[in-house]
Amino acid sequence: MAESHPPQRSSEKEDDSFERDLEEMLDDGPSLNNAISNVQGGTPNTMSSSYSGSALSYGASGTKEPSLATQATSNIPLSGPQSNGDFVPKLNIPASAQSKLESLKDWSINTFKCTRQFLSERFGKGSRTVDLDMETKIEALRDTQRKYASILRLSRILTQHYFHVVQTQRALGEGFAELAQKSPELQEEFRYNSETQQALVKNGEVLLSALNFFTSSVNTLCNKTMEDTLLTIRNYESSRLEYDAYRNELETLQLGPRENASTAKVEESRRKYEDHKIKFERLRSDVNIKLKFLEENKVKVMHKQLLLFHNAISAYFSGNAAALEATLKQFNISLKRPNAEKPSWIEQ
C-alpha cells in the first residue's frame, strides 16, 4: 500500500510569501536608530510623527489639538527659574501669617537677649542699671505686704474662733432655757445663765461684724491695692532687664570694627535701645507715682481699721454693749446676724 505525503511545494511558497510581507512591513516602519534619536531629542522622523499622532487629536476644524495627557504634562513646572534643574515650589504665605512669624522672631530674639543679660547679672559678669532709692522702696513694700499678709491670716483665724464661740454660746443658752422649763427647782438659775449667754451671743455677733469688716479691708489693701503696685513693679523690672540687654549690645557693637554692615546693625541696635529706654523711664515714673499713692492710701485705710479693731475688742471684753453698737454705727457697719429674719419687701 503506497504512503501519502503532503505537498511540499505549496508550503514552501507560503513561507516565501510570509517572509516577503514581513520584510516589507519592516521597511515601511521606523528604524531603531531613528526611534532612539527621537527619544533623545533628535530630529523628527517617521516614528516621531507616528507618536505625535497618537498624542494629538483632531478638532472640529480639522486642526490638530493636544490631548488631555499632553496638556496635563505640559502644565507641570519641572523646575524654578533659578533652581539649576531642581524643583523649587513657590510658597504663597498670607500677610497675617507673615506678621505672626515676624512677631515670633522678634519675641525669640528679645527672649534670648534678656535671658543672656539675666544670666550675666546672676554670675556677676554683666552691668545693670541700679536705682538705690527705687529698690529700697520696692523692698520695703514687699516686706510690708508680707507683714500685712500675716496680720490678715491671724485676724481670719481670730474671726473663725469667735464664730465658733458664738455658735457654742447660742447652743448653750438654748440648753439652759430648755432646762429652765423642765427643772422648776433650778428654773431661776437656768434662766439667768440662758439670758447671759444670749447677751453674749448678741455682743459676739456685733464683734464678728466688726472683725469681718476689718479682715475684708485688710485683704483689699494687701491682695489688691498692694498687688496692683507690685504688678507695675514687675513690669518695671522686666523693662529694666530689656533696657540693660539692649544697652550692653549697643555698647558692644560700638566697640567693634566700623564697616557698612556693622554700621547698619549699630543703627538698628540704637533704635531698639532708645525704644526700650523710653519704656523703662515711663514705667519707672509709674512706679514712683503708685508707691506714693499706695503709702497715702495705706495710712488712711489702716488708721480707720485699727481704730475699729481696738474699739470693738475693748467694748466687747468690757461688756459695754452700747459702746460696741456705737462702734459699728461710727464706721457705718451693718450688723448681719446669722439667724436674723429677712426684712419684708415693704421694709426694703
Open item on the list: Quick check: is Val287 connected to Ile289 through a chain of hydrophobic side chains (ILVMFWY, heavy atoms under 4.5 Å apart)?
Closed with: no
Open item on the list: Keeping Asn248 on the side-chain end and Asp244 on the backbone end, is there a donor-acceptor pair under 3.5 Å?
Closed with: yes
Open item on the list: Can you tell me which residue among Thr327, Leu324, Leu306 is in a side-chain contact (heavy atoms from CB on, under 4.5 Å) with Asn311?
Closed with: Thr327
Task: N-O pairing of Glu227 and Arg234 below 4.0 Å - done: yes
Open item on the list: Ignoring hydrogens and geometry beyond distance, is a side-chain donor-acceptor pair present between Thr232 and Asp286 at under 3.5 Å?
Closed with: no
Task: Full working for side-chain contact (heavy atoms from CB on, under 4.5 Å) between Leu208 and Val166 - done: CA-CA 9 Å; Leu208 283 175; Val166 171; 4.0 Å; yes
Task: Heavy-atom donor-acceptor pair, Asn193 side chain to Glu189 backbone, under 3.5 Å - done: yes
Task: Spatial distance of atom CG (Leu294) from atom CE (Met226) [nearest 0.5 Å] - done: 5.5 Å
Open item on the list: Please check this pair: side chain of Asn219 against backbone of Thr215, looking for a donor-acceptor N/O pair closer than 3.5 Å.
Closed with: no
Task: Close side-chain approach of Leu253 and Arg270, heavy atoms under 4.5 Å - done: no
- [ ] Look at Glu174 together with Arg170 and state whether they make a salt bridge at an N to O cut-off of under 4.0 Å.
- [x] no
Open item on the list: Can you confirm whether or not the ring centre of Tyr273 sits under 6.0 Å from the ring centre of Phe280?
Closed with: no
Open item on the list: I'd like to know if Glu295 pairs up with Lys298 as an ion pair, taking the criterion as any Lys NZ or Arg NE/NH1/NH2 lying under 4.0 Å from an Asp or Glu carboxylate oxygen.
Closed with: yes
Task: Distance in Å, Asp275 CG paired with Glu242 CD, rounded so as to fall on 0.5 Å steps - done: 11.0 Å
Open item on the list: Let me confirm one number: the CD-OG1 distance from Gln145 to Thr229, rounded to the nearest 0.5 Å.
Closed with: 9.5 Å
Task: Spacing of NZ belonging to Lys279 relative to CD belonging to Glu274, to within rounding of 0.5 Å - done: 15.5 Å
Task: Side-chain heavy atoms of Ile138 within contact of Tyr236, under 4.5 Å - done: yes
TODO: Kindly say whether Ser216 contributes a backbone atom to a donor-acceptor pair with the side chain of Thr220 at under 3.5 angstrom?
DONE: yes
Task: Asp133 with Lys137: basic N within carboxylate O range, under 4.0 Å - done: yes
Open item on the list: Given 3.5 Å as the limit, does a donor-acceptor pair link the side chain of Ser318 with the main chain of Ala315, or not?
Closed with: yes
TODO: Begin with the C-alpha distance, continue with both residues' side-chain angles, and end with the deciding distance and a verdict on side-chain contact (heavy atoms from CB on, under 4.5 Å) for Ile151 and Lys147.
DONE: CA-CA 6 Å; Ile151 290 177; Lys147 293 178 179 178; 5.6 Å; no
Open item on the list: Looking only at the aromatic ring of each residue, does the gap between the centers of Tyr243 and His276 stay below 6.0 angstrom?
Closed with: no
TODO: Could you tell me whether Asp228 and Lys290 make a salt bridge, using a distance below 4.0 angstrom between a side-chain N and a carboxylate O?
DONE: yes
Task: Salt bridge flag under 4.0 Å for residues Arg271 and Glu267 - done: no
Task: Cluster check Ile278, Tyr246: I/L/V/M/F/W/Y, side chain < 4.5 angstrom - done: no
Task: Between Gln198 and Gln169, a side-chain donor and acceptor under 3.5 Å - done: no
Open item on the list: With heavy-atom distances below 4.5 Å as the criterion, would you say the side chains of Lys272 and Glu249 are in contact?
Closed with: no
Open item on the list: Count I, L, V, M, F, W, Y as connected when their side-chain heavy atoms are under 4.5 Å apart, and connections chain through other members. Are Leu328 and Phe317 then in the same cluster?
Closed with: yes
Open item on the list: Any non-hydrogen side-chain atom of Ser150 less than 4.5 Å from a side-chain atom of Leu154?
Closed with: yes
Open item on the list: For a 4.5 angstrom cut-off between non-hydrogen side-chain atoms, does Asn223 reach Leu152?
Closed with: yes
Open item on the list: Please evaluate residues Glu296 and Lys292 with respect to the criterion salt bridge (charged side-chain N to carboxylate O under 4.0 Å, His left out), reporting the C-alpha separation (whole Å), side-chain torsions for both, the decisive distance (0.1 Å), and the verdict.
Closed with: CA-CA 7 Å; Glu296 295 176 357; Lys292 179 180 178 181; 5.0 Å; no
TODO: Quick one: pull up OG in Ser239 and CG in Leu283 and give me the separation to the nearest 0.5 Å.
DONE: 4.5 Å
Open item on the list: Just verifying a value: how many Å separate Gln181 CD and Ser194 OG, rounded to the nearest 0.5 Å?
Closed with: 9.5 Å
Open item on the list: Side chains of Leu308 and Gln305, heavy atoms from C-beta outward: is any pair under 4.5 Å?
Closed with: yes
Open item on the list: Does His164 have more than 12 heavy atoms from other residues, nucleotides or ligands lying within 6.0 Å of its NE2?
Closed with: yes
Task: Single-linkage hydrophobic cluster, 4.5 Å side-chain cutoff, Leu307 and Phe214 together - done: yes
- [ ] Check the pair Phe331, Phe309 against ring pair (Phe, Tyr, Trp, His ring centres under 6.0 Å), reporting the backbone distance first and the verdict last.
- [x] CA-CA 11 Å; Phe331 295 96; Phe309 190 84; over 10 Å; no
Task: Ser155/Leu211 under side-chain contact (heavy atoms from CB on, under 4.5 Å): CA gap, chis, key distance, verdict - done: CA-CA 8 Å; Ser155 63; Leu211 292 178; over 6 Å; no
Open item on the list: Can you confirm whether Arg240 sits close enough to Asp131 that some side-chain heavy atom of one is under 4.5 Å from a side-chain heavy atom of the other?
Closed with: no
Open item on the list: Do Val201 and Leu172 sit in one hydrophobic cluster, given that two such residues count as connected whenever their side-chain heavy atoms are within less than 4.5 Å of each other, even indirectly?
Closed with: no
- [ ] Start with the C-alpha distance between Leu200 and Val165, add both sets of side-chain angles, then the distance that settles side-chain contact (heavy atoms from CB on, under 4.5 Å), and finish with yes or no.
- [x] CA-CA 10 Å; Leu200 291 175; Val165 169; over 6 Å; no
- [ ] Give a yes or no on whether a salt bridge exists between Glu237 and Arg142, defined as a side-chain N under 4.0 angstrom from a carboxylate O.
- [x] yes
Task: Validation row: Met302, Tyr148 side chains within 4.5 angstrom (heavy atoms) - done: yes
Open item on the list: Assess whether a salt bridge exists between Glu195 and Arg191, defined as any Lys/Arg side-chain N lying under 4.0 Å from an Asp/Glu carboxylate O.
Closed with: yes
